[in-house]
Amino acid sequence: MHASSNHMMEPPYFQGLNSGQRTAVETTEGPVLVLAGAGTGKTRVLTTRLAHIIQTGRAFPGQILSVTFTNKAAQEMRERVGQLLGQSVDGMWLGTFHSLAARMLRRCADRVGLEGNFTILDPDDQVRLMKQIMQEQNLDTKKYAPKVVMGRIDRLKDQGLVPDDVTMDQVGDFMGGSLLSLYRIYQSRLKAVNACDFGDLLLHMITVFKNPQHAEILEDYHRRFKYILVDEYQDTNVAQYLWLRLLAQGSKNICCVGDDDQSIYGWRGAEVGNILRFEKDFPDAKVIRLEENYRSTNTILSAANAIIANNESRLGKTLFSSAGEGEKITVRGLWDGEAEARWIGEEVEQLQRRGRSLSDISVLVRAGFQTREFEERFIQLGVPYRVIGGPRFYERMEVRDALAYFRVMAQPRDDLALERIINTPKRGVGNATLLQLHEHARAHGMSLYEAIKDLTQTDHLKPKMKSTLMEFIDHFELWRDQLDKQHHVDLAQRILEESGYLEMWKTDKSAEAPGRVENLKELVSSMGEFESFAEFLEHIALVMENQNNTQGEQVTIMTLHGAKGLEFPVVFLPGWEEGLFPSQRSMDETGLQGLEEERRLAYVGITRAREALYISFAARRRMYGSYIDCIPSRFVDELPEEYVLSETELGLYQPGRSQHWDTSGYDLHAQKPDVSPADRFRTPASRGEGYTTNKRSQKSNFAAFIRGDRVTHDAFGEGLVVHVDGNKLDIQFDDGTHKRIMANFVDKL
DNA sequence: GTACTCTCAGTTTTT
DNA sequence: CTGAGAGTAC
């Protein structure tokens with residue numbers, strides 16, 4: 001080890017750090033908690049700190065455990081550390097909680113009854129497995145959606161609870177208490193197929209770490225990791241926290257940075273309480289607060305401060321900036337979602353004309369489905385865009401199928417993968433055969449793959465089926481044999497060809513088939529970046545980033561959650577309507593807590609903007625095919641009037657005039673504004689396609705006004721009785737039937 | 001066993 | 001409106 005840094009020249013990477021940031025970087029011994037607001041340079045502190053530790057010789061790269069929130073963030077951090085040190089750095093344990101835990105678990109899988117080549121199930125597989133189990137248990141999968149049940153179990157895992165730890169208290173009376181037994185069965189089934197799910201990666205490691213019989217494993221990591229760095233600490237859940245704490249007990253050199261106001265993953269088990277607990281677990285922890293924002297104008301910060309001030313549960317801080325006042329925030333009410341997309345499209349084009357790069361602009365939405373409207377509009381306008389987080393590459397059917405082939409080859413016990421492709425392309429293996437295979441497998445305690453091998457040796461199958469399955473298995477045996485002999489890219493190509501899967505899409509005449517062939521090609525070529533098949537599959541299971549070919553300038557469209565940690569000079573925040581944002585479901589499920597998390601999400605959205613911010617809402621929005629009427633989000637009212645420039649189409653909204661459920665100043669009877677056809681269907685000349693207007697017979701939409709507890713209506717027709725029950729409307733029809741709907745989601749009757 | 005039609009539930013947010 | 005799953009006709 002080198003001598004202390006005192007004698008060294010001040011490293012150039014300290015330049016530009018303020019005193020608070022610098023203190024946070026230099027405080028390298030003992031536990032440190034950096035509580036800092038948006039745009040105060042939290043990640044920069046971590047990055048510099050990482051470089052500093054290496055530079056001063058306190059630890060080698062391999063002795064630092066650095067946890068970030070996304071693999072992309074990890075990648076960026078790796079690059080930046082390399083820049084700061086003037087050389088690329090290898091061997092760092094730098095990644096997400098899950099990727100790091102997976103790396104550990106691969107080395108000690110036997111301690112939890114797995115083999116080192118275990119498969120990591122994706123959420124889709126999880127749900128399918130749960131469904132199978134529920135059906136075997138004769139549970140009604142209609143009454144209890146496997147997805148919901150699986151969600152519950154995931155939540156238990158987030159809390160670091162293995163089945164034995166779960167008390168009836170934690171399960172509640174959900175499903176009459178059978179949740180726990182489902183959890184047990186699910187876990188044993190995972191082991192039977194040598195697989196685990198996302199939650200298990202951490203959970204298994206915690207189990208190993210806590211088991212005195214395997215003490216040497218934790219001790220080894222204690223010796224290894226001299227420093228631990230954690231970004232976005234406010235979003236850690238209990239399992240992640242336990243994992244960290246166990247590891248940090250070694251050196252106690254743990255540094256976490258976080259912002260309680262940006263905690264937006266409560267629904268995934270994240271606990272802001274982890275921040276408070278930090279000082280209890282590490283009584284000598286240094287706490288450093290950073291409040292100076294280097295990102296946004298004061299106007300934007302004031303709006304963010306004003307909004308978040310409405311939350312009761314927060315540690316409390318007020319950001320300030322010396323970046324000047326900046327432009328006012330534009331708030332705009334529009335007729336419907338299409339008009340909103342049209343307006344944003346116009347603004348984007350105008351910004352572009354004024355010399356603004358499209359890469360400076362982002363559209364941040366509450367929920368994934370909202371991206372479609374903007375995509376459609378941007379395509380019409382010819383504005384290049386990219387959607388981050390949408391249906392990802394790896395989630396596409398053809399990619400998942402191809403991966404299933406690879407998985408079965410690498411790990412024959414992977415029943416779920418095998419089931420996916422046993423009849424894709426069609427081989428005449430249907431439900432009946434599959435059932436027979438399942439029965440045989442279960443009766444003999446073997447995997448489906450083994451069951452097939454077994455049954456093809458007997459005469460229990462029809463001759464045709466027998467030869468089909470034999471051929472199927474033979475292929476896999478052959479490929480597996482080539483695993484070490486052939487380059488993995490070639491092998492992958494070969495598998496796709498010999499299996500007939502590629503051929504299936506090549507001969508498919510549907511419109512999307514060529515795209516699928518293209519994606520498969522891309523999948524195979526992307527494997528070239530990896531050393532081996534095993535490494536590639538590991539990457540797929542964990543990283544699963546969508547391959548963005550980011551050539552040229554593009555507007556970025558993504559969810560607010562996806563925008564965490566990012567910043568853009570110009571930010572559009574559409575869809576600020578009650579029920580959508582804040583999300584009705586969030587409020588229904590967790591009440592005030594949910595609302596406050598939504599508000600933090602608004603805070604995150606606003607603070608992504610450096611210079612200009614646009615917020616909009618629509619009077620009606622299409623959902624499930626028909627229109628529903630909307631009222632502006634309460635968050636709109638929480639924006640400070642003096643910083644807002646309000647433009648109104650339709651005279652819909654005047655700032656400060658509308659209160660939560662008070663729609664005065666919001667005229668829901670306004671007529672749809674005239675939009676010239678030329679404008680509505682404008683297109684880049686190069687495309688020259690025809691358009692369908694997408695007009696369809698609309699049921700007469702009606703507007704429901706909700707003022708206090710009174711509901712009036714103008715299009716319900718005769719003989720309807722409406723009751724208000726909480727935030728639901730109970731509508732009774734003249735034929736005696738009735739329907740309950742959300743107050744602000746009054747629609748299709 | 002497959003291909004077609006019909007019904008019905010569903011849209012938060014993610015590693 | 002879409003997509004999954006169930007049901008029906010070959």
Side-chain angles (χ1 to χ4, degrees), chain A residues 67-74 95-102 120-124 126-128 131 135 141-143 145-148 151 154-155 157-158 197-202 232 235-237 239-240 243 263-270 364-372 388-392 394-395 397 423 426-435 462 464-465 468 541-546 558-564 575 579-590 594 597-598 600-602 604-605 621-628 694 696 698 742 745 747-748:
Chain A
V67 191
T68 58
F69 211 78
T70 60
N71 284 294
K72 200 175 163 224
T96 61
F97 280 96
H98 291 92
S99 67
L100 293 165
I120 302 167
L121 257 47
D122 61 40
D124 214 63
Q126 284 181 271
V127 173
R128 282 194 302 149
K131 191 177 176 190
Q135 282 167 347
T141 52
K142 281 242 169 79
K143 194 168 168 200
K147 203 171 150 192
V148 174
D154 278 337
R155 251 4 25 89
K157 292 188 174 191
D158 288 340
D197 62 22
F198 271 70
D200 281 341
L201 295 172
L202 281 155
E232 308 282 10
D235 286 319
T236 52
N237 61 35
Q240 293 165 333
W243 180 81
S263 166
I264 53 175
Y265 283 96
W267 52 272
R268 204 176 65 178
L364 308 181
V365 296
R366 174 65 183 86
F369 69 86
Q370 291 174 264
T371 59
R372 229 188 67 200
I388 308 244
R392 286 164 228 202
Y394 71 89
E395 279 170 359
M397 189 211 298
N423 201 28
K426 300 253 188 296
R427 298 187 175 87
V429 183
N431 276 335
T433 312
L434 200 56
L435 199 69
K462 291 196 178 108
K464 196 172 172 208
M465 183 60 66
T468 304
L542 287 164
V543 181
M544 297 170 167
E545 284 291 306
N546 47 347
M558 65 176 133
T559 65
L560 287 161
H561 285 86
K564 184 163 86 148
L580 181 60
F581 189 38
S583 143
Q584 190 61 50
R585 200 154 146 195
S586 178
M587 292 187 290
D588 285 350
E589 279 168 12
T590 44
E597 182 152 310
E598 295 289 308
R600 289 194 291 272
L601 207 43
V604 168
R621 200 168 278 283
R622 206 129 107 219
M623 197 162 260
Y624 300 140
S626 59
Y627 282 102
I628 54 153
N694 213 11
R696 63 180 56 77
Q698 294 168 8
M742 294 299 178
F745 277 68
D747 70 326
K748 47 182 178 180

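In the text below, chain A, chain B and the rest are named by the order of the sequence lines, each starting its count at 1. Since this is a predicted model, take the numbers as computed values, not measurements.
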- Query: Would you say A:Ser99's side chain and A:Thr96's backbone share a donor-acceptor pair under 3.5 angstrom?
  - Reply: yes
- Message: I want to know whether A:Phe97 and A:Phe198 have ring centres closer than 6.0 Å.
- Response: no
- Looking for any heavy atom pair under 4.0 Å, which part of the strands does A:Asp158 touch: base, sugar-phosphate only, or nothing? nothing
- To the nearest angstrom, how far is A:Ile264 atom CD1 from B:dT13 atom C1'? 8 Å
- Task: Using a 4.0 Å heavy-atom cut-off across all strands, classify A:Thr559 as base, sugar-phosphate, or nothing.
- Result: sugar-phosphate
- Query: Which one, B:dT14, B:dT15, B:dA3, comes nearest to the side chain of A:His98?
  - Reply: B:dT15
- Could you give the CD-to-P distance, from A:Glu232 to B:dT14, as a whole number of Å? 14 Å
- Message: Just to be sure I understand the rule, does A:Lys131 reach a base, reach only the sugar-phosphate, or reach nothing, if contact means heavy atoms closer than 4.0 Å?
- Response: sugar-phosphate
- Look at the side chain of A:Tyr265 and decide which nucleotide, out of B:dT15, B:dT14, B:dA3, has an atom nearest to it. B:dT14
- Mind calculating the distance between CZ (A:Arg128) and P (C:dA4) to the nearest angstrom? 12 Å
- A:Asp154 has an atom CG; how far is it from atom C1' of B:dT13, in whole Å? 14 Å
- Message: Just the rounded figure in Å: distance from C1' of B:dT14 to CD of A:Gln126.
- Response: 12 Å
- Would you say A:Thr433 reaches B:dG1's phosphate, i.e. side-chain N/O to OP1/OP2 under 4.0 Å? yes
- Query: Has A:Trp267 got its ring stacked on B:dT13, by the test of a centre gap below 5.5 Å and a plane angle below 30°?
  - Reply: yes
- Would you say the side chain of A:Val604 lies within less than 4.5 Å of the side chain of A:His561, judging by non-hydrogen atoms? no
- Query: Starting at the 5' end of DNA chain B and moving along, which residue's nearest nucleotide shows up first, A:Asn423 or A:Glu597?
  - Reply: A:Asn423
- Query: So which nucleotide from B:dT13, B:dT15, B:dA3 ends up closest to the side chain of A:Lys426?
  - Reply: B:dA3
- Note on the structure: Assign each of A:Ala145 and A:Arg155 the nucleotide of DNA chain B bearing its closest heavy atom; nearer the 5' end lies the nucleotide of A:Ala145
- Looking only at side chains, do A:Asp235 and A:Gln240 share a donor and an acceptor under 3.5 Å apart? no
- Task: Whole angstrom is fine here: how far is it from NZ in A:Lys147 over to C1' in C:dG5?
- Result: 15 Å
- Message: So A:Phe581, base contact, sugar-phosphate only, or nothing? Heavy-atom distance under 4.0 Å.
- Response: nothing
- Query: Taking atom C1' of B:dT13 as reference, at what distance in whole Å does atom CD of A:Gln370 sit?
  - Reply: 11 Å
- Between C1' of B:dT15 and CG of A:Asp200, the distance in whole Å: 14 Å
- Task: Answer yes or no: is there a donor N or O on one side and an acceptor on the other, between the side chain of A:Glu598 and the main chain of A:Gly594, under 3.5 Å?
- Result: no
- Message: Does A:Lys564 reach a base, just sugar-phosphate, or nothing at all? Heavy atoms under 4.0 Å.
- Response: nothing
- Message: Please verify the inter-ring angle class for A:Phe69 with A:Tyr265; under 30° counts as parallel, over 60° as perpendicular, anything in between as tilted.
- Response: tilted
- Are OP1 or OP2 of B:dT15 and a side-chain N or O of A:Asn237 less than 4.0 angstrom apart? no
